[in-house]
S.K.: 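Take a look at the following structure, please.
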Amino acid sequence: MRIIIAPAKKMVVDTDSFAVDGLPVFLEQTERLKAALQGMSPAELQALWKCNDAIAKLNVERLSAMDLRRHLTPAIVSYEGIQYQYMAPGVMETAQLDYLREHLRILSGFYGLLRPFDGVTPYRLEMQAKLSVGGNRDLYDFWGDTLAHRLATETDFVLNLASKEYSRAVEPHLPKSVRFLTCTFGEQKDGKVIEKGTMCKMARGQMVRWLAENNVTSWADVRAFDQLGYRFQPELSNESHNVFLKGGT
């Protein structure tokens, strides 16, 4: 089993909490993206990033001094979003961290596919950014089937806890021999399942933590998740989609 999650926009440098295991697999492609970004003006970068002046200034400075091979932070503690706060790797036990090493993969517009303890540096580049590199119209085109093929060499079951923006870089390219199971975390309103962004991020992070604590490796066992008030809903689910409702029975 491989669990895929999205990155977070906010990143920090933390070279003390955990050691880096190695470098990202697709660093050659990342070097190409870095060169393309460094060839853009600050105004062009801000338009690409769709951010305010302060965030643009910070990331232009980061980009100008960027070193992809030194002073790196393990990916799992570099991202600082809600999902990662609920995952809380900093207080996991050794066995749970080893579970993450084996089963968790982080999708990234800049790095492609990251193992939890791959060394990274802060960057800003969302998967849906309209960055044209080497004749590719955007990052989905740039990465193509590369990420899916890598996952397919590692497993025949992908548990999708990523946002649609990121899972779109993998799902269409997976061979049929690989089962792709998406989890939805929502609430029922007027007969419809409603997803709320913040709650989804919380649930995704909590599920990763729960999976690690329980050493879950089977798609069937995923349905037992019952954290943050969510319960599996068999009548709303199918072989490729697990629905968990808050307050569900």
Side-chain angles (χ1 to χ4, degrees), residues 4-85 87-90 97 100-101 104-144 146-147 150 162-163 165-166 169 201 205:
I4 57 171
I5 61 173
K9 291 180 184 177
K10 187 176 181 182
M11 298 184 71
V12 297
V13 174
D14 180 352
T15 57
D16 298 323
S17 295
F18 297 110
V20 167
D21 283 353
L23 295 174
V25 174
F26 298 114
L27 203 58
E28 182 179 335
Q29 290 91 324
T30 303
E31 291 277 16
R32 292 175 58 197
L33 294 174
K34 174 189 168 187
L37 292 171
Q38 288 179 331
M40 299 171 68
S41 70
E44 289 172 329
L45 288 168
Q46 185 170 2
L48 178 74
W49 292 331
K50 298 180 180 178
C51 62
N52 62 35
D53 292 349
I55 293 175
K57 182 176 183 293
L58 170 64
N59 285 282
V60 167
E61 291 172 354
R62 283 174 166 174
L63 185 59
S64 66
M66 185 174 284
D67 188 331
L68 299 178
R69 290 175 170 79
R70 296 194 309 158
H71 309 300
L72 304 176
T73 299
I76 197 69
V77 293
S78 181
Y79 297 110
E80 227 188 22
I82 294 171
Q83 175 180 222
Y84 292 83
Q85 293 170 21
M87 193 190 313
L97 294 171
L100 296 188
R101 277 188 174 89
L104 186 67
R105 298 294 180 265
I106 303 168
L107 299 173
S108 164
F110 190 57
Y111 283 104
L113 192 68
L114 290 165
R115 295 161 299 195
F117 293 91
D118 283 346
V120 301
T121 192
Y123 67 91
R124 188 176 180 92
L125 189 64
E126 295 180 65
M127 187 66 80
Q128 61 188 355
K130 300 297 183 182
L131 179 65
S132 178
V133 180
N136 298 294
R137 64 183 181 276
D138 56 23
L139 291 175
Y140 294 110
D141 199 25
F142 176 82
W143 289 111
T146 304
L147 311 184
R150 175 70 188 195
S163 61
E165 171 192 348
Y166 283 90
K201 292 174 183 177

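Quick note: numbers below take in every heavy atom, side chains included, and nothing from hydrogens, waters or symmetry partners. Residues: numbered from 1 along the sequence shown.
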S.K.: Mind listing the closest non-hydrogen atom pair of Leu33 and Gly109 along with its distance?
M.R.: CD1-O, 3.4 Å

S.K.: May I have the step-by-step check of salt bridge (Lys or Arg N to Asp or Glu O under 4.0 Å) for Glu61 and Lys57, ending in yes or no?
M.R.: CA-CA 6 Å; Glu61 291 172 354; Lys57 182 176 183 293; 2.7 Å; yes

S.K.: Just how far is it from atom CZ of Phe26 to atom CG of Asp118, taken to the nearest 0.5 Å?
M.R.: 10.5 Å

S.K.: Please say whether the positively charged group of Arg101, taken as NZ for Lys or CZ for Arg, lies over the ring of Phe117, i.e. under 6.0 angstrom from the six-membered ring centre and within 45 degrees of the axis.
M.R.: yes

S.K.: Is the closest side-chain heavy-atom distance between Ser108 and Tyr123 below 4.5 Å?
M.R.: yes

S.K.: Would a 4.5 Å heavy-atom cut-off, applied to side chains only, mark Met87 and Ile76 as touching?
M.R.: yes

S.K.: Would you compute the distance between atom CG of Leu37 and atom OG of Ser64 and round it to the nearest 0.5 angstrom?
M.R.: 12.0 Å

S.K.: Between Pro74 and Ala19, what is the shortest heavy-atom contact and its length?
M.R.: CG-O, 3.8 Å

S.K.: Quick one: are Val77 and Phe18 in side-chain contact, heavy atoms under 4.5 Å?
M.R.: yes

S.K.: If we only count heavy atoms from C-beta on, is the Gln128 to Tyr140 side-chain gap below 4.5 Å?
M.R.: yes

S.K.: Please say whether more than 12 non-hydrogen atoms of neighbouring residues, nucleotides or ligands are located less than 6.0 Å from NZ in Lys201.
M.R.: no

S.K.: What are the two closest heavy atoms between Cys51 and Ala56, and how far apart are they?
M.R.: SG-N, 3.6 Å

S.K.: Check the pair Leu68, Glu31 against side chain to side chain contact (heavy atoms under 4.5 Å, CB included), reporting the backbone distance first and the verdict last.
M.R.: CA-CA 8 Å; Leu68 299 178; Glu31 291 277 16; 3.6 Å; yes

S.K.: Could you check whether any side-chain heavy atom of Leu139 comes within less than 4.5 Å of a side-chain heavy atom of Leu125, counting everything from C-beta outward?
M.R.: yes

S.K.: Give the minimum heavy-atom separation between Met127 and Glu165, together with the two atoms involved.
M.R.: N-OE2, 3.2 Å

S.K.: Provide the closest heavy-atom pair for Gly134 versus Arg32 in the form atom of the first, atom of the second, distance.
M.R.: CA-NH2, 4.1 Å

S.K.: Can you tell me how far apart CE (Met11) and OG1 (Thr73) are? Round to the nearest 0.5 Å.
M.R.: 7.5 Å

S.K.: Can you tell me how far the CG atom of Leu107 sits from the CD1 atom of Ile5, to the nearest 0.5 Å?
M.R.: 8.5 Å

S.K.: Any side-chain heavy atom of Asp138 within less than 4.5 Å of one from Trp143?
M.R.: no

S.K.: Please report the closest heavy-atom contact between Glu80 and Ala8, naming both atoms and the distance.
M.R.: N-CB, 4.1 Å

S.K.: Is any side-chain heavy atom of Leu63 closer than 4.5 Å to one of Met66?
M.R.: yes

S.K.: Does Leu48 offer a backbone N or O that forms a donor-acceptor pair with the side chain of Lys130 under 3.5 Å?
M.R.: no

S.K.: Do the side chains of Thr121 and Asp67 get nearer than 4.5 Å, heavy atoms only?
M.R.: no

S.K.: Mind checking the NZ-CZ spacing from Lys50 to Arg124? Nearest 0.5 Å is all I need.
M.R.: 11.0 Å

S.K.: Are any side-chain N or O atoms of Thr30 and backbone N or O atoms of Phe110, one a donor and one an acceptor, separated by less than 3.5 Å?
M.R.: yes

S.K.: Is a donor from one side chain sitting under 3.5 angstrom from an acceptor on the other, for Asn59 and Gln46?
M.R.: no

S.K.: Could you give the distance from CG (Leu113) to CD1 (Ile106), rounded to the nearest 0.5 Å?
M.R.: 9.0 Å

S.K.: Just do the side chain to side chain contact (heavy atoms under 4.5 Å, CB included) check on Asp21 and Arg115 with the steps written out, would you?
M.R.: CA-CA 9 Å; Asp21 283 353; Arg115 295 161 299 195; over 6 Å; no

S.K.: Without hydrogens or angle criteria, can the side chains of Tyr84 and Ser78 be said to hold a donor-acceptor pair below 3.5 Å?
M.R.: no

